[in-house]
Amino acid sequence: MLSKVKSEALHVKPKVEATSFQSILLDDAKILMNVIDGLEEDAIVAFDTETTSLDAYNAKIVGFSFCVDEDMAYYVPISHNYLGVGEQISMEDAKKALIELLKHKIVGQNLKYDIAVVYNNFNLPRIDIYADTMILAWLLNPESSVGLDTLALRFFNHPMIKFKDVVQKGENFSTVPLDSACEYASEDAWMTLKLYHKLQEMLEPKLLILAREVEFPFIHTLLMMEKEGIKVDGAYFETLLLRTDKAIELLKNEIFSLCNATFNLNSTQQLGNVLFEQLGLPAVKKTKTGYSTDENVLKELLDKHESISKILEYRELYKLKSTYIEPLLKLSKTSPESRVHTSFMHTGTATGRLSSKEPNLQNIPVKTELGREVRGGFVAKDGCLLVGVDYSQIELRLLAHFSGDEAMLEAFNTHKDIHRQTALRLFGEAEADAKRGVAKSINFGLLYGMGPKKLSDTLGITTKEAKSYIDGYFATFPTVRKYLTSIEERAKEVGFVETLLGRKRYFDFENANGMQYAGYLREAVNTVFQGSAADLIKLSMNKIMATLVDDEAKLLLQIHDELIFEVKEEKAEAFAQSVKEVMEGIYALHIPLKVSIAIGKNWGELK
DNA sequence: TGTGATAGCTCG
DNA sequence: GTACGAGCTATCACAC
């Protein structure tokens, strides 16, 4: 029950600069509903959940907090579980309260998590997101830390109560006493509201628009993808594991016998010892701690010892087994309907891209035959097909768009093979096909701010030759050079770069040494393309998500320039076409956007 | 037994 | 000494 002081607190007028606040425990359903009914219709409500787990899909809700003015915040206990626990709100009443509360303008810190928790614990209809402070802070500076504790310190010099100080080791939030839970949880909601107002003031209008029109709706897009998950074929991975285990065992024995030594093949230290000391092979590269044994080094040694090719093969197989096959097999067994749910990190990169973790589904192998077999284990459910759509050469198209280079624009506008066209301009008709690979490497290199050293490594030529290729390129495409230089000049002048939609990334040139300085210039150039490509696919994903018809098609994955859907078999072809149209028409540029389509029963077939 | 750094590999 | 952006696994050294 509320104390008298707390009841009076309900009527305190908000102050402009609150430095402290009251935390109020709402443990009576009637009073809870009264508080919520008393909110202004257009009130901005900071909202936070407390749960039993960081994993939103296994988390049971323990309570929630909210804050509407900076004088006080409320905590609603639902399922704390310890001997002698006080009054709490039933799940049924909590649901009723949440339905009303979440009709307001909801602000949160990482709302993707809290909304997933609410969806999973109560079967609520779509919750609209008003703002997310984590995303606002990320847009303000995508390389800064965006955790609530850090932001509270940074913007208000306020040390937050630490989770560790509230929750005993090995326990979860359900065992936290109601009074300390109330203090902790309401502080989160209170700080979130303060941060919202602060960030609202600090962000320029362009970034607030990007937030409202792209990033906030995108939270819902990600939520739906994560919730859906993708089906994996456990039996398939079981077989694959047996096969790789056998092959690994065989290779291991061959290598030991060829090297005349038994050692831990996974230890680069021990391998270096065997190769460069016992066998006396020439060491070409060093690491901080000893000999390098990476792929490039081993390839150099291929014709020097019979074991090398086996070691490379072993590396490939062991990687597949330990990083992909075993973890995916385990997940297939533990997840309902054998569907794995990645976690997309909305604020995970400095460029605007997503990242994916636990498991990372954005780096599933594709480049080798064996690697592609892993993709075969990602399947469509019965009656469905996987549809893959892919923006082709989106970053290079953006280079053509931004630079306005006539030759590049022409190549794209007449739907030519861009790499061959580049080779044609550089080397002439006779050599165009032979030098396509060189042109492709240069085109890629441009987007990364390459130097002759790396290009020569990539192409297996001398640094001198690489330099002449690059010089030749810029002589042929002077507009491209001018544009790339202008990115660098502008970055040095203002200290940041911007993407197509105005996303920013800052560089501290003033406090950089030579190497950092050069690194910043490369990052500045690359961010424009990588970040603008990220902008475009986010626009597409939001638009597609808004038009998805129930159960006919689901968006499952994004892999930077590619989307994977699960679609009813009979709808797959038409659906793919409609998605292609949306994606190609998502933004008017000086070049056409091109999307390619692939359809199959599993991910391995999508090529 | 746990943690952080390092090396190496996967993807776009 | 210079090609961008990510995450995961294993080893190793060191602390407790």
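Chain letters run A, B, ... following the sequence lines, proteins first and then strands; every chain starts at 1.
- Contact record, A/T150 with A/S145: OG1-OG, 3.2 Å, taken as the closest heavy-atom pair.
- For the pair A/S267 and C/dA10, the criterion of a side-chain N or O lying under 4.0 Å from OP1 or OP2 is not met.
- Checked against the 6.0 Å centroid criterion, the rings of A/Y469 and A/F427 qualify as a close aromatic pair.
- Between A/T349 and C/dA6 there is no side-chain polar atom (N or O) within less than 4.0 angstrom of OP1 or OP2.
- Heavy atoms of A/Q269 sit under 4.0 angstrom from primed sugar atoms or phosphate atoms, though from no base atom.
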For the pair A/Y391 and A/S540, evaluate side-chain hydrogen bond (donor to acceptor under 3.5 Å, both in side chains) and give the outcome as yes or no after the intermediate values. CA-CA 11 Å; A/Y391 271 121; A/S540 288; 2.8 Å; yes
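- Listed in residue order, the members of residues 515-542 of chain A having a heavy atom less than 4.0 Å from DNA chain B are A/Q530.
- For the pair A/E488 CD and C/dC4 P, the interatomic distance rounds to 12 Å; values are reported in whole Å.
- Among the protein residues, A/L447 comes within range of no part of the nucleic acid, since none of its heavy atoms lies under 4.0 Å from any strand.
- Taking the nucleotide of DNA chain C with the nearest heavy atom to each of A/E143 and A/N264, the more 5' of the two is matched to A/E143.
- In this model, a donor atom of one side chain and an acceptor atom of the other lie less than 3.5 Å apart for A/T342 and A/S356.
- The interatomic distance linking A/L320 (CG) with C/dA10 (P) rounds to 13 Å, in whole Å.
- Remark: aromatic rings of A/F256 and A/F263 are close, center separation under 6.0 Å.
- Heavy atoms of A/E395 sit nowhere under 4.0 angstrom from any nucleic acid atom.
- For the pair A/W603 CH2 and B/dT10 P, the computed distance is 16 Å after rounding to whole Å.
- The side chain of A/S292 approaches B/dG8 more closely than any other nucleotide in the set B/dG8, C/dA6, C/dC12.
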Protein-nucleic acid N or O pairs under 3.5 Å, nucleotides 7-9 of chain C:
{"residue": "C/dG7", "atom": "OP1", "partner": "A/S355", "partner atom": "OG", "Å": "3.0"}
{"residue": "C/dG7", "atom": "O4'", "partner": "A/N360", "partner atom": "ND2", "Å": "3.0"}
{"residue": "C/dC8", "atom": "OP1", "partner": "A/E358", "partner atom": "N", "Å": "2.8"}

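- Using a 4.0 Å cut-off between charged side-chain N and carboxylate O, A/E326 and A/K330 make no salt bridge.
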Could you give me the CA-CA distance, side-chain angles and deciding distance for A/E254 and A/Y314, then say whether side-chain hydrogen bond (donor to acceptor under 3.5 Å, both in side chains) is met? CA-CA 10 Å; A/E254 285 181 304; A/Y314 170 89; over 6 Å; no
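- At whole-Å resolution of the value, CD1 in A/I559 and P in B/dT10 are 18 Å apart.
- If you measure from atom CG of A/L396 to atom P of C/dC4, you get 18 Å, rounded to the nearest angstrom.
- Considering only the side chain of A/V366, B/dG12 comes nearest among B/dC9, B/dT10, B/dG12.
- Distances were taken from every side-chain heavy atom of A/T458 (C-beta onward) to each of C/dA3, C/dC12, C/dG5; the shortest belongs to C/dA3.
- What separates CD of A/Q270 from P of B/dA7 is a distance of 16 Å, to the nearest Å.
- The side chain of A/R315 places no N or O atom within less than 4.0 Å of a non-bridging phosphate oxygen (OP1 or OP2) of B/dG8.
- With rounding to whole Å, A/E562 atom CD is found 16 Å from C/dG5 atom C1'.
- Interface remark: the A/R353 side chain does form a donor-acceptor pair with the B/dG12 base, using a distance-only criterion of under 3.5 Å.
- A cation-pi geometry, defined here as NZ or CZ lying under 6.0 Å from the six-membered ring centre and within 45° of its normal, does not hold between A/K231 and A/F378.
- Counting any heavy atom pair closer than 4.0 Å across all strands shown, A/S441 reaches a base atom.
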For side-chain hydrogen bond (donor to acceptor under 3.5 Å, both in side chains), just list the numbers for A/R425 and A/T476, CA-CA rounded to whole Å, side-chain angles, deciding distance to a tenth of an Å, and then say yes or no. CA-CA 7 Å; A/R425 299 250 174 188; A/T476 312; over 6 Å; no
A/E215 and A/R503: salt bridge (Lys or Arg N to Asp or Glu O under 4.0 Å), yes or no, with the steps? CA-CA 11 Å; A/E215 301 295 359; A/R503 188 188 309 282; 2.8 Å; yes
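- Looking at heavy-atom distances under 4.0 Å, A/D457 makes no contact with the nucleic acid at all.
- We find that NZ of A/K164 is positioned 12 Å from C1' of B/dG2, with the value rounded to whole Å.
- Nucleotides B/dC9 and C/dG1 have their C1' atoms positioned 23 Å apart, rounded to a whole Å.
- Side-chain contact between A/L370 and A/E373 is present, with at least one heavy-atom pair separated by less than 4.5 Å.
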